[in-house]
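Please read the structure below before turning to the comments.
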Protein chains: 2
Amino acid sequence: MKKEAAPKTEATPKRNKDLFYKRQMQIIKKATHLFMKKGYAQTSMREIAKATGIDIRNLYYFIKNKEDILFLVFDMLHKPELELFEKQGIMDIDDPIAQLSAAIRGLLDAGGRNLDDEVLLLYRESKSLPKRLLKNILARESEVVSHIETILKKGKARKIFAVEDTSYTANLIVYQLCVYPLRHWNMKEYNREELSDLMVKHVLKMVLA
Amino acid sequence: MKKEAAPKTEATPKRNKDLFYKRQMQIIKKATHLFMKKGYAQTSMREIAKATGIDIRNLYYFIKNKEDILFLVFDMLHKPELELFEKQGIMDIDDPIAQLSAAIRGLLDAGGRNLDDEVLLLYRESKSLPKRLLKNILARESEVVSHIETILKKGKARKIFAVEDTSYTANLIVYQLCVYPLRHWNMKEYNREELSDLMVKHVLKMVLA
DNA sequence: CTGTAATTACAACGATCGTTGAATATAACG
DNA sequence: CGTTATATTCAACGATCGTTGTAATTACAG
């Protein structure tokens, strides 16, 4: 409402960066947990301060403001998903079926056991971010979708997959990975591994020629 | 935090009920619009008052408190979905394929053009409801899932559908109906009708033997 | 017309929110 | 050691939040 500055935290210490970013990460992690549990708007800065053991006024030395925390949280949550495609060798797998399966399993395990509520957080709190930052976040997610679409196109070209609209289906696949966090109330019966298998099967049935 | 009373609005006028519920509905509709646009926590009672033209203190004559409004909003949004199965003849269709297709198209058109953001609201703000009310809301949604599962089971018995876990797939189908509202940023290319067709095709491909 | 119930008009409460500045202590460098 | 950069300690601000009670007014019943 008041200022709309850069997402960067104002203080940029030149020496001993480690400690600064360590504290920042400490804040982000605690905030993530609180945001997931109570929601962004329902979590006060005082709660974050208490959870981290850092005084409220001190908090503002490490982060710019509350919105900045939310942005940093999203930033952290999406990192593993992108690294999956960039650093790990998924895009190098030749067989489209094996590649798609690996991508799905990889994305499901990307955030460890966290992914569950993390994605929910993204969908839930995206309206709390200013448009500029939201676009930044969503652009990252679009990258993931693009990677999936690339796999689909290759499979389609080899006549292994039969998908009408690769963009739509890629979106649907990424979207499906969040069924559990978003609909946990109806799906308590499955554990992570069962769910992985079910998803791979469903997706393959959906795209196979 | 303070009281946890019944979800019913305290005042129950005996005569001239119409006007009372008319005002209540007026509040709910405006609130729905505000909640969808800004989010529940970010919408103040004063904004609702201003939007309806009713004084803040008078608002509390028609509704119990802010949470009550959110509950009534959800209550209103889910009504068309349930009526689709109960009042309309979808459950009477014999052919599972035609029945499933009709159910999907019906659910997509249930809320008219509203459905889009309405579902987003449910997923986004469910944590703002106390557990008791949340369970009530989710139970309604489970009814929809149950109806879908019934259709799937019939098709499976007739060997028209091939689904491993009807419960999971039913959840997945209902879930898929909300792709657009939840991922609108990536899917601006499709209009409602195109999306209807795509969904029916995808779902059928997913369940057909 | 009279009495009763439904609605509106009206202001103030305590609580909590996000945010800020200055003075002091600690650690790193020459 | 002395200087400089980094980190911690501390209290108070204005703003907005959700909520409440009572008295005056309207609409309807007999």
Side-chain angles (χ1 to χ4, degrees), chain A residues 1-5 7 9-27 30-31 34-35 38-73 125 128-130 133, chain B residues 1-5 7 9-27 30-31 34-35 38-73 125 128-130 133:
Chain A
M1 295 290 183
K2 293 124 200 180
K3 317 173 202 168
E4 195 176 343
T9 45
E10 61 172 34
T12 44
K14 285 130 201 172
R15 130 188 119 191
N16 213 7
K17 283 191 176 183
D18 300 334
L19 183 59
F20 183 83
Y21 287 117
K22 195 177 176 182
R23 283 248 185 285
Q24 198 164 264
M25 190 59 73
Q26 173 189 0
I27 295 171
K30 289 286 185 185
L34 285 170
F35 290 168
K38 308 186 51 186
Y40 171 75
Q42 290 77 22
T43 302
S44 71
M45 293 295 280
R46 286 166 175 83
E47 286 177 281
I48 298 176
K50 190 158 284 183
T52 54
I54 303 175
D55 188 90
I56 315 173
R57 310 189 267 296
N58 234 353
L59 224 60
Y60 284 84
Y61 177 75
F62 297 101
I63 54 93
K64 218 179 55 180
N65 50 30
K66 198 184 177 188
E67 252 172 19
D68 193 33
I69 298 185
L70 184 57
F71 176 79
L72 291 173
V73 165
E125 312 289 1
S128 297
L129 276 171
L133 302 190
Chain B
M1 294 290 182
K2 294 122 199 179
K3 316 175 203 167
E4 196 175 342
T9 45
E10 61 172 34
T12 44
K14 285 131 201 172
R15 129 187 118 190
N16 212 5
K17 283 189 174 183
D18 300 333
L19 183 60
F20 183 84
Y21 287 118
K22 195 175 175 181
R23 283 245 185 288
Q24 198 165 266
M25 189 58 73
Q26 175 189 1
I27 295 171
K30 290 287 186 184
L34 285 170
F35 289 168
K38 310 186 50 186
Y40 171 76
Q42 289 78 22
T43 302
S44 70
M45 293 294 280
R46 286 167 175 83
E47 286 178 279
I48 299 176
K50 190 157 284 182
T52 54
I54 303 175
D55 188 272
I56 316 171
R57 310 189 266 299
N58 275 340
L59 265 184
Y60 286 84
Y61 177 75
F62 297 101
I63 54 92
K64 218 178 56 180
N65 50 30
K66 198 185 177 188
E67 255 173 16
D68 193 33
I69 299 185
L70 184 57
F71 176 79
L72 291 173
V73 165
E125 311 290 0
S128 297
L129 277 171
L133 302 189

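As the structure is a computational prediction, the values presented were derived from the model and not from experiment. Lettering of chains follows the sequences in order, A, B, ..., and the numbering in each one begins at 1.
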Which part of the nucleic acid, if any, lies within reach of Arg23(B) when heavy atoms closer than 4.0 Å are counted: base, sugar-phosphate only, or nothing?
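Result for Arg23(B) = sugar-phosphate.
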Need one value for Ile54(B): base, sugar-phosphate or nothing, where a base atom within 4.0 Å counts as base even if backbone is also close, heavy atoms only.
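Ile54(B): no heavy atom of the nucleic acid under 4.0 Å.
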Look at the side chain of Arg57(A) against the base of dA11(D) and say whether a donor-acceptor pair falls under 3.5 Å; ignore hydrogens and angles.
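Indeed there is one.
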Donor/acceptor link under 3.5 angstrom from Asn58(A) side chain onto base of dA7(D)
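Side chain to base: no pair present.
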How long is the line joining [atom1] of [X] and [atom2] of [N], in whole Å?
X	N	atom1	atom2	result
Glu67(B)	dG18(D)	CD	P	12 Å
Ile27(B)	dG18(D)	CD1	P	15 Å
Asp55(B)	dA12(C)	CG	C1'	13 Å
Lys66(B)	dT20(D)	NZ	C1'	17 Å
Ile56(B)	dG21(D)	CD1	C1'	15 Å
Lys22(B)	dA6(C)	NZ	P	19 Å
Leu59(A)	dC10(D)	CG	C1'	15 Å
Lys64(A)	dG18(C)	NZ	C1'	14 Å

Does [X] put a side-chain nitrogen or oxygen below 4.0 Å from OP1 or OP2 of [N]?
X	N	result
Ser44(B)	dC17(D)	yes
Tyr61(A)	dA7(D)	yes
Tyr60(B)	dT19(D)	yes

Give a yes or no on whether Lys30(B) atom NZ has more than 12 heavy-atom contacts from other residues, nucleotides or ligands under 6.0 Å away.
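At most 12 heavy atoms, drawn from other residues, nucleotides or ligands, come within 6.0 Å of this atom.
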Heavy-atom check, side chain of Glu67(A) versus side chain of Tyr40(A), under 4.5 Å:
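Yes; the side chains approach each other to less than 4.5 Å.
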Can you find a pair of side-chain heavy atoms, one from Asp68(A) and one from Tyr60(A), that are under 4.5 Å apart?
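No, side chains not in contact.
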Residue Arg46(A), side-chain heavy atoms: nucleotide from dT19(D), dT8(D), dT19(C) that is nearest:
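When the side chain of Arg46(A) is considered, dT19(C) is the closest of dT19(D), dT8(D), dT19(C).
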Backbone N or O of Thr52(A) within a donor-acceptor pair of the Gln26(A) side chain at under 3.5 Å?
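Side chain of Gln26(A) to backbone of Thr52(A): a pair is present.
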Rounded to the nearest 0.5 Å, what separates atom CG in Leu72(A) from atom NZ in Lys64(A)?
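Between Leu72(A) CG and Lys64(A) NZ, I get 9.5 Å after rounding to 0.5 Å.
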